[in-house]
Amino acid sequence: MEKEKNDFTKGSVTKNIINLAVPMTLAQLINVLYSIVDRIYIGRMGQDAALALGGVGITFPIITIIMAFANLIGMGGAPLCSIERGKGNQKKAEEIMGNSFFLLILLGLLLTAVILIFKKPIIYAFGASEATFPYADSYITIYLLGSVFVMIGLGMNSFINSQGFARTGMLTVLIGAVLNIILDPVFIFILQLGVRGAALATVISQFVSSVWVLLFLAGRKTILKLKKENFRLKFRLVRQIVTLGLSGFTMSVTNSIVQIACNATLQVYGGDLYVTVMTILNSIREVITMPVTGITNGAQPVLGYNYGAEQYERVKAAIRFMTLACIGYTFIVWGILLLAPHFFIHIFNSSPEIIAKGVPALKLYFFGIFMMSLQFSGQSTYIALNRSRQAIFFSIFRKVVIVLPLTVCLPMLFGLGVNGVFIAEPVSNFIGGTACYVTMLLTVYRKLKDSGEQA
């Protein structure tokens, strides 16, 4: 019954996507709470709150890199599973999932060791000052001890969602987030552990989430079962997983590189205050882009399954709905941000100085954010249809070719200073988003036909 229920070649394409997207969006919202709640509490720690918030913000690129490796495997293996399920190859789908799990553990252990060894020069290179280093060091040291749990929880949850169990995937995140919200004030304020308490709460929460994921994938309700015999790595499968996952990995790593460049450039032109402002803007962006991620992630299993079943008109319908839903949502959010910028800054810190600098920065940074939807929609289509080269190219094009040079160069031009850093993001959304989506329409969308011929 579950297999029939999760057959995406049947029923309304829009309904299939919504059924997955709604719980995935809620899961994204809850997932964002992991880090957002930490920052809200840290931003209210007292006299040194701004420095603590800036210090934790400096660790974002490290955390993003860890998540990038989780996405490398999760976003590489899960779409392949959807395609193989659409073809009826359940055994191969389970082999892909087993290989992915083992890869996540290996990469998690390796990352933990490497980053712990080189953490001091890394933190300073990422924009820390003498004042913010102690906070960044305390937070990331404890966080790294739980990075394997982060890898398993994030990476393997993709395999729950790809089978159509979006509500179970949402529960994965909900369990950890609720626990994190409860533990944060206990560790930060009652036990007076500060930023170390925030990191400890996150690690414990991620551990519980990872246990939940493994219990489900090894249990009776799942379609694809996690089996020990599939943990033996097969080079052919590993190559397929990594190749397709490189798109999500590249997006995350390039985001990390841009965050590093932003922090380092802002440290030069504006100091710790502007690093804190960027931390707040990144936090706001995580929240408002969450529904876009939920919609595109919800569309991917539907796209991949129907592509594997050669139902190409349904693939095209899914692309259209995903695009329109994302553009409509982000256009509304842009209006809200312009109308109430003070409200969003106040959530994290009420310092008059931060609000004075943060409001104009927010208006610049989020200008025309609806154009970002084109990048997300085009990128998700490439990933779902196993077109890794295009997905990787446009990940690099937007962040490395456009954002990174602009972040470094614009502050030196026309007296822009710190404003140049914030302007780089909307410019990349307009150029990168348009290039990605138009290319997808010309090379993928118009070639999809229900003639039985592969596009």
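What's counted below: heavy atoms across the whole structure, side chains too, no hydrogens, waters or symmetry copies.
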### Message
Using side-chain heavy atoms (C-beta onward) and a distance below 4.5 Å, is Phe101 in contact with Leu214?
### Response
yes
### Candidates Leu104, Leu109, Leu103 - the one meeting side chain to side chain contact (heavy atoms under 4.5 Å, CB included) with Met151
Leu104
### Query
In Å and rounded to the nearest 0.5 Å, what is the CG to CG distance from Leu179 to Leu174?
11.0 Å
### Task
Scan residues 154-183 for pairs that pass salt bridge (charged side-chain N to carboxylate O under 4.0 Å, His left out), counting only residues two or more places apart or in two chains.
none
### Asn306 side-chain N/O to Val302 backbone N/O, donor-acceptor pair under 3.5 Å
yes
### Query
By salt bridge (Lys or Arg N to Asp or Glu O under 4.0 Å), which residues pair with Glu94, not counting sequence neighbours?
Lys227
### Message
Is any side-chain heavy atom of Leu183 closer than 4.5 Å to one of Thr202?
### Response
no
### Message
Is it the case that over 12 heavy atoms from other parts of the model lie below 6.0 angstrom from the CZ atom of Phe430?
### Response
yes
### Query
Is the closest side-chain heavy-atom distance between Ser147 and Thr112 below 4.5 Å?
yes
#### Entry: Tyr437 side chain to Thr323 side chain, donor-acceptor N/O pair below 3.5 angstrom
yes
#### Entry: Thr279: partners by side chain to side chain donor-acceptor pair (under 3.5 Å), with sequence neighbours left out
none
### Query
Taking the side chain as C-beta and beyond, is there a heavy-atom pair between Phe165 and Ile223 under 4.5 Å?
yes
### Task
Assess whether side-chain contact (heavy atoms from CB on, under 4.5 Å) is satisfied between Arg85 and Leu224, documenting all intermediate values.
CA-CA 9 Å; Arg85 273 216 318 128; Leu224 303 176; 4.3 Å; yes
### Task
List the atom of Ala78, the atom of Ser158, and the distance in Å for their closest heavy-atom pair.
CB-O, 3.6 Å
### Task
Sequence neighbours left out, what pairs pass salt bridge (charged side-chain N to carboxylate O under 4.0 Å, His left out) with at least one residue falling in residues 72-84?
Glu84-Lys92
### Message
Does either side chain, that of Arg398 or that of Asn429, offer a donor lying less than 3.5 Å from an acceptor on the other one?
### Response
yes
### Message
Is it the case that the side chains of Arg389 and Tyr382 hold a donor-acceptor pair, with the cut-off being a distance below 3.5 Å and no angle test?
### Response
no
### Message
Which residues pass the salt bridge (Lys or Arg N to Asp or Glu O under 4.0 Å) test with Lys234, not counting sequence neighbours?
### Response
Glu95
### Message
Using the side chain to side chain donor-acceptor pair (under 3.5 Å) criterion, which residues pair with Trp212? Sequence neighbours excluded.
### Response
Thr172
### Query
Say you draw a straight line from CD of Gln390 to CZ of Arg387; how long is it, rounded to the nearest 0.5 Å?
5.5 Å
#### Entry: Residues Phe422, Val277; criterion side-chain contact (heavy atoms from CB on, under 4.5 Å); working and verdict
CA-CA 11 Å; Phe422 302 119; Val277 168; 4.3 Å; yes
### Euclidean distance, Met278 CE relative to Ile58 CD1, rounded to 0.5 Å
12.5 Å
### Task
Keeping the roles fixed (side chain from Thr296, backbone from Thr293), state whether a donor-acceptor pair exists under 3.5 Å.
yes
### Query
Taking atom types as modelled and ignoring hydrogens, do the side chains of Thr407 and Thr265 form a donor-acceptor contact shorter than 3.5 angstrom?
no
### Query
About how many Å separate CD1 of Ile204 and CZ of Phe149, when rounded to the nearest 0.5 Å?
10.0 Å
### Message
Checking Thr439 now: which residues fulfil side chain to side chain donor-acceptor pair (under 3.5 Å) with it, not counting sequence neighbours?
### Response
none
### Task
Using the side chain to side chain donor-acceptor pair (under 3.5 Å) rule, collect all pairs that involve residues 56-65, keeping only residues at least two apart or in two chains.
Thr64-Gln259
### Task
Take the angle between the ring planes of Tyr143 and Tyr139 and call it parallel below 30°, perpendicular above 60°, tilted in between.
parallel
### Task
Measure up the Tyr307 and Tyr312 rings against each other and bin them: parallel (under 30°), tilted (30 to 60°), perpendicular (over 60°).
tilted
### Task
Could you tell me which residues satisfy side-chain contact (heavy atoms from CB on, under 4.5 Å) with Val401, sequence neighbours excluded, listed by chain and number?
Phe397
## Note on the structure
Distance col, row Leu237:CG vs Phe235:CZ, nearest 0.5 angstrom, shows 11.0 Å
#### Entry: Heavy-atom pair with the smallest gap, counting every atom of Ala93 and Cys81
O-SG, 3.2 Å
### Query
Would you say Thr222's side chain and Leu217's backbone share a donor-acceptor pair under 3.5 angstrom?
no
### Query
Can a cation-pi geometry be assigned to Lys221 and Phe216, taking NZ or CZ under 6.0 Å from the six-membered ring centre and within 45° of the ring axis?
no
### Message
Would Ile123 and Phe126 count as a side-chain contact (heavy atoms from CB on, under 4.5 Å) here? Give the steps.
### Response
CA-CA 5 Å; Ile123 291 171; Phe126 286 5; 5.8 Å; no
### Query
Any chance the side chains of Lys399 and Ser428 put a donor and an acceptor closer than 3.5 Å?
no
### Query
Rounded to the nearest 0.5 Å, how far apart are CZ of Arg239 and CG of Asn99?
13.0 Å
### Task
Count the heavy atoms belonging to other residues, nucleotides or ligands that lie under 6.0 Å from CZ of Phe367, then report whether that count exceeds 12.
no
#### Entry: Which atom of Ala198 lies closest to which atom of Asp184, heavy atoms considered
CA-OD1, 3.3 Å
### Message
Determine whether a donor-acceptor pair (N or O, by modelled atom type, separation under 3.5 Å) exists between the side chain of Gln163 and the backbone of Phe159.
### Response
yes
### Task
Name the orientation class of the two ring planes belonging to Phe249 and Phe69 (parallel below 30°, tilted from 30 to 60°, perpendicular beyond 60°).
perpendicular
### Query
Looking at residues at least two apart in the chain, or sitting in another chain, which of them share a ring pair (Phe, Tyr, Trp, His ring centres under 6.0 Å) with Phe321?
none
### Message
To check you understand the geometry: which heavy-atom pair defines the closest contact between Ile152 and Val213, and what is its length?
### Response
O-CG1, 4.4 Å
### Message
With heavy-atom distances below 4.5 Å as the criterion, would you say the side chains of Arg285 and Phe366 are in contact?
### Response
yes
### Task
Under the salt bridge (Lys or Arg N to Asp or Glu O under 4.0 Å) rule, collect the residues that match up with Lys225, sequence neighbours excluded.
none
### Under the side-chain contact (heavy atoms from CB on, under 4.5 Å) test, residues paired with Leu80 that sit two or more places apart
Ile96, Gln240, Ile241, Leu244, Asn386
### Message
Using a 3.5 Å distance criterion without hydrogens, assess whether the side chain of Ser210 forms a donor-acceptor pair with backbone atoms of Phe207.
### Response
yes
### Task
Could you please spell out the steps behind the side-chain contact (heavy atoms from CB on, under 4.5 Å) verdict for Ile140 and Ile63?
CA-CA 8 Å; Ile140 201 61; Ile63 295 170; 4.0 Å; yes
### Query
Do side-chain atoms of Asn263 reach the backbone of Val275 as a donor and acceptor pair under 3.5 angstrom?
no
